[in-house]
Amino acid sequence: MVPYGDRILEHQVTSILTSDASSDGHSPATRSFAGSQDADVRVIDEEFVDQQLFFVTSYSDFDKLAHGPRGHTAKHTLRVYRFFTDGSLVLLHMAGEGSNVINPAFSRFHPRLNVVYTCTENIEENGQILAYEIHGDGSLTEIGHVDAGGLSTCYLTIDREQRHLIAVNYWDSSLVVIPLCKETGEFMGPVQSIYDPRQGKAMLAAAKSHGGVNHSMNDESTIAQRQVDPHSHALVLDPFEGCVAYVPDLGKDLIREFWYNKKEGKIGCEFNVLPSGMSTGKPDGPRYFAFHPKFNVGYVVNELSSTVAVFSIDRELLSEISHAASLGLPMDKFKGRSTLKLIQSIKTVPSAFPTTLNTCGRICVHNSGRFVIVSNRGHESIAIFRVKQGCGSRGKAMRGTLAQVGFFHTRGETPRHFQFDHSGQFLIVANQDSDTIAVFSFSLTSGEIKYTGNEYHVPSPNFICCCPMVDRYSDDDDDNQAYEKVGYTFPAIEDNVSSSVPTTVVFDPTKKKLDSQSELELARQEIAELKKQLSQISEREA
């Protein structure tokens, strides 16, 4: 984030409706600026930066989980913190009696409203999805809850039109769609669509409480049981057309591609399935999927093999699918055709570290588009990778692939989740099994992190959701233009590149000067363009 005048400019991170998360659960880093005609620029008042809240959830009943945390159960499973620009946090509010809100473990902040959704993990009863209006003082007002239609709910996505929330149930692998009120963010009814990849078949593996294995482990006996059933772990909509849903199936080591019917809010036919990694014969366990904000590239973190798989995205095929859907044509014609192509696989732990002692947690792409970050549970580290910007000797073929920056200890055990602040200059890590969240500063230049000394006691923290507060009653015209244009468009990685998939990317020090000069020139061009756009905005305001 670059200060300029009295306001702060930053690029659009990515589709804040599909990434996590977020990948895996990202919260929106920015909101649209009233009157702005360019969706690639966001303007944030300093006042809003000071109103940045973090919604933190905790486990309260380990017996109801597929995995086995080793920390302490929480009496209150919901916490709200205020974040300060020195990297410190102040606890504002605690809610969610552990016996009422059991094991909330994934949250999603609405892209336009001050509403946060969270879902509960429970392998004995259907999960619950709760919606809260979050206030500037950190207090929460529940505005609704619905049954998640499946067991151990683990992921939430809001579609591009903000009219549907899609939930993923890990244990039985079901995908469900729930209608939302676009004006208030409230639920408009129960589950309206459900997709069951098991097609009604019973689970083969038993729950942990009935003699099943602990899904936190990565040994052969655990894998033998864990991988006999499908286990959907996320659902990410493509940020370009919003018509293809990518679902990592952790149990079957696959990425599933579905048509998402945007108009009706339904998971349609399954186009294709493809391996989530190198197909070495050993399990990969795909967990999350994240898109690059500028390149036609996506990243899958494989939990069991401790790898990141890099895929190129076929934008032309996505456009073809979207066009056919808009005309009401049959979608069966796209079966067997994939929008993904594996171009790289790279380890998330040091080469000499035993893979069986680690499982990956979260993956995200930094809002600058220059770094990919992964958490390692077991190695107790954050792995950071530099994203190739296409400046190397291989040109476009290198764009979006990864080179290792380093590994950084998280000052705790089992970093299940982490989250950046608005600026991308602070990283907050949830160390699940040491009952702490720790704050690190993040270098926008090198990608390295440093411990700030700020650490807070939270029982079994499992998710950190950034909630940048905005005035929901402002005159900002809700025409959805902020979501019409997602990131920048670059040519797809060329097909004539060697079909061999590199297992690592070796950083060549002799090319460092060339890369740095090229990246500096790119940064200068971006700054010049931002200044031009800011000037246009100021003229319209005058």
Can you tell me if [X] uses its side chain to pair, donor with acceptor, with the backbone of [Y] under 3.5 Å?
X	Y	result
D172	L151	yes
S232	S173	yes
S375	P415	yes
S60	N103	yes

Using the ring of each side chain (for Trp, its six-membered ring), is H110 parallel, tilted or perpendicular to Y117, with breaks at 30° and 60°?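 Aromatic pair H110/Y117 classed tilted.
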
T184 and I143, any side-chain heavy atoms less than 4.5 Å apart: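 No, every pair of side-chain atoms sits at 4.5 Å or beyond.
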
Cation over ring, R411 on Y451, under 6.0 Å and within 45°?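 Yes, R411 lies over the aromatic ring of Y451.
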
Do R108 and Y155 form a cation-pi contact, if we require the NZ or CZ to be under 6.0 Å from the six-membered ring centre and within 45 degrees of the ring's axis?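 Output yes; distance and angle both within limits.
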
Near H72 NE2, under 6.0 Å, is it more than 12 heavy atoms from other residues, nucleotides or ligands?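 Count not over threshold, so no.
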
If we count only N and O atoms by modelled type, under 3.5 Å, do the side chains of D159 and Y260 hold a donor and an acceptor together?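 Present: a donor and an acceptor within the cut-off.
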
Using the test side-chain hydrogen bond (donor to acceptor under 3.5 Å, both in side chains), find all partners of Q192 that sit at least two apart in sequence or belong to another chain.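 With neighbours one apart ignored, the set is H164.
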
Find the distance between CZ (F420) and OG (S368) and round it off to the nearest 0.5 Å.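 F420 atom CZ to S368 atom OG measures 8.5 Å (nearest 0.5 Å).
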
Just one of K64, E121, Q432 clears the side-chain hydrogen bond (donor to acceptor under 3.5 Å, both in side chains) bar with Y59, so which one?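 That would be E121.
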
Name of the residue among R416, R377, R70 meeting side-chain hydrogen bond (donor to acceptor under 3.5 Å, both in side chains) with D433: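 Among R416, R377, R70, the one that satisfies the side-chain hydrogen bond (donor to acceptor under 3.5 Å, both in side chains) with D433 is R70.
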
Enumerate the residue pairs fulfilling salt bridge (Lys or Arg N to Asp or Glu O under 4.0 Å) with a member in residues 92-106, sequence neighbours excluded, ordered by first and then second residue.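 Every candidate salt bridge (Lys or Arg N to Asp or Glu O under 4.0 Å) pair involving residues 92-106 fails, so no pair, neighbours aside, qualifies.
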
Do you know which two heavy atoms are closest between T73 and S460, and how far apart they sit?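 Taking T73 first and S460 second, the nearest heavy atoms are N-OG, 4.3 Å.
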
